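Naming convention: chains lettered A, B, ... in sequence-line order (proteins, then strands); numbering from 1 in each chain. In this text the structure is predicted, and so the values were computed from the model without any measurement.
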Protein chains: 2
Amino acid sequence: MDTAGKRDDAEKEGPRRAGKTLVEGAYETLRREILDGTFEPGTKLRTEELRTRYNISGSTMREALTRLLGEALVTTEGQRGFRVAPASIADFEDLTRVRVLVETEALRQAIAHGDEDWESQLVASFYRLSKVEERLAQDQKEAASDYEGRNRDFHNALIAACPSRWLHYIAGILFQQSERYRRLALAKRSIPRDLHAEHKAIFDAAIARDPDLASKYAAEHIERTLTALRIALEPTGVKERPRKERAKPKVSLGLED
Amino acid sequence: MDTAGKRDDAEKEGPRRAGKTLVEGAYETLRREILDGTFEPGTKLRTEELRTRYNISGSTMREALTRLLGEALVTTEGQRGFRVAPASIADFEDLTRVRVLVETEALRQAIAHGDEDWESQLVASFYRLSKVEERLAQDQKEAASDYEGRNRDFHNALIAACPSRWLHYIAGILFQQSERYRRLALAKRSIPRDLHAEHKAIFDAAIARDPDLASKYAAEHIERTLTALRIALEPTGVKERPRKERAKPKVSLGLED
DNA sequence: GTCAAAAGAAATATCGATATTTTAAGCGGC
DNA sequence: GCCGCTTAAAATATCGATATTTCTTTTGAC
């Protein structure tokens, strides 16, 4: 009966229409849970399990899963269900390279086309990001949950003035993909890193309308996360992952070799 | 009772596993029908209509539609169903630019990494493409249906040696997107065009392992289709599209301004 | 006659149950 | 004791029907 009434954990975002569809709800929740590692890469996603978890029917759950398919967060094969998209260093290396290609291009275009409104939005999102970075530096744990969102907002603000719909579309997918890896890299604290300084460098160059410099800093920023993750996983060496589906060392977090 | 037994219209392709899922079947058929213009851009896609067209149930149809969503071939909004993704010259311009960015990069990497096997596959697909181009030049209508497939194969063969999964993924989506526009541009024959020569130029440069030259020709090739479509739509001028959902002049084929 | 509220029709979103496959378990034979 | 075959169990894919929403049309006041 209360078919649509369990959305009381109303996402703080949701700018407009509260009348979200059940599919959308499950899709968003599951996406977040994949991104934040609740479901590790490679994990089997049984519809039965999920359908009870989100209190929706089988077909509806499937539709939500299929959406994630389009964002490459889950995979599916023939007659054997869905699972969380696998993750590996190799994939992250690839992802990083392509992200640099796409985001630097978008950034260049944004700098070329950006008007005053773009600048002010950028200033605002940089400020918000800085604030949470401060808190993060003081090791306030609750800051971490805010960080990812504001980081995304800042990166979006940077390229917001890029007129290319397709670049935005692609950049969005790639950015989201890297979220899983970013989380790992940051959690590990492998290399000392002044994220605020990195962001500020990009920000300053963008405001100064220097596309080459902004691109350079953006590329370095993106690539540094890859380095960080590489180092974080290095000491442990090439640890073989046990065959069993469950019960894998928490450290690996689903990363394949 | 014969729930799954009406797949006798087995697609002539289907290289492997005949045990295709109903969702996959509907998805593939609908995709083709969107790409070949059976369903024009912007058209409403009523599940009821489609579900009878493909003889499957509502939820199954929805799942197929949701897959197309992930390839940006259909759109959906809140509680008001699906429709074919809109198309416009502006979109094609954008698409073209991004395609150039992505495909030239992929091509460079392919040329850098390609081995002998890559070369031979490329030779083979170029040969097959040439054959159908010959037939096309003689105005053999049935050749047109083969053309698109072989053209795709050739373009894939060109970048096949590119090691980046993500570039392949993105290039695939963009190439597919442009298929709708390509069809229009070719049908119109706006500018005289020697497609074979264009392809040969890219091919020769790739085999000669000249990344700059190959990229240059590839970019020109991609951009030429945009020019062709621009000119094809020019004479008719900025024709306003009638508000009514159906009954639009066949010439526009769903293109928005 | 115009506009808007209200009733009706059409379409969408969702459910709960069933048919099909895939995976796991059990069971002789060699 | 290991392998392949037969059953049983689990999971997936699909259906047909229903509740909700949106879109149309009707109707009734002003």
Without decimals, in angstroms, what is the distance between [X] [atom1] and [N] [atom2]?
X: Lys20(A); N: dT21(D); atom1: NZ; atom2: C1'; result: 18 Å
X: Arg83(A); N: dA11(D); atom1: CZ; atom2: P; result: 13 Å
X: Arg51(A); N: dG16(C); atom1: CZ; atom2: P; result: 8 Å
X: Lys44(A); N: dA24(C); atom1: NZ; atom2: C1'; result: 13 Å
X: Met61(B); N: dA11(C); atom1: CE; atom2: P; result: 16 Å
X: Glu48(B); N: dC23(D); atom1: CD; atom2: C1'; result: 16 Å

It should be established whether [X] places a side-chain nitrogen or oxygen under 4.0 Å from OP1 or OP2 of nucleotide [N].
X: Arg80(A); N: dT21(C); value: no
X: Thr47(B); N: dA11(C); value: no
X: Arg46(A); N: dA11(D); value: yes

Would you mind telling me which of Arg31(B), Glu148(B), Arg32(B) makes a side chain to side chain contact (heavy atoms under 4.5 Å, CB included) with Glu179(B)?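 Of Arg31(B), Glu148(B), Arg32(B), side chain to side chain contact (heavy atoms under 4.5 Å, CB included) with Glu179(B) is met by Glu148(B) alone.
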
Of the nucleotides [options], which has the atom closest to the [X] side chain?
X: Ser57(B); options: dC15(C), dC15(D), dT22(C); value: dC15(D)
X: Ile56(A); options: dC15(D), dC15(C), dT12(D); value: dC15(C)
X: Gln79(B); options: dT21(D), dT14(C), dT22(C); value: dT21(D)

Short N-O contact, Lys20(B) and Glu24(B), less than 4.0 angstrom: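 Here Lys20(B) does not pair with Glu24(B) in a salt bridge, since their nearest N and O are not under 4.0 Å apart.
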
If you measure from the Lys or Arg side-chain nitrogens to the Asp or Glu carboxylate oxygens, is any gap between Arg180(B) and Glu40(B) under 4.0 Å?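 No, this pair does not count.
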
Does Ser59(A) make a side-chain donor-acceptor contact with the base of dG16(D), cut-off 3.5 Å?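 Result: no qualifying N/O pair found.
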
With sequence neighbours left out, what residues match Asp36(A) under salt bridge (charged side-chain N to carboxylate O under 4.0 Å, His left out)?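 Asp36(A) satisfies salt bridge (charged side-chain N to carboxylate O under 4.0 Å, His left out) with no other residue.
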
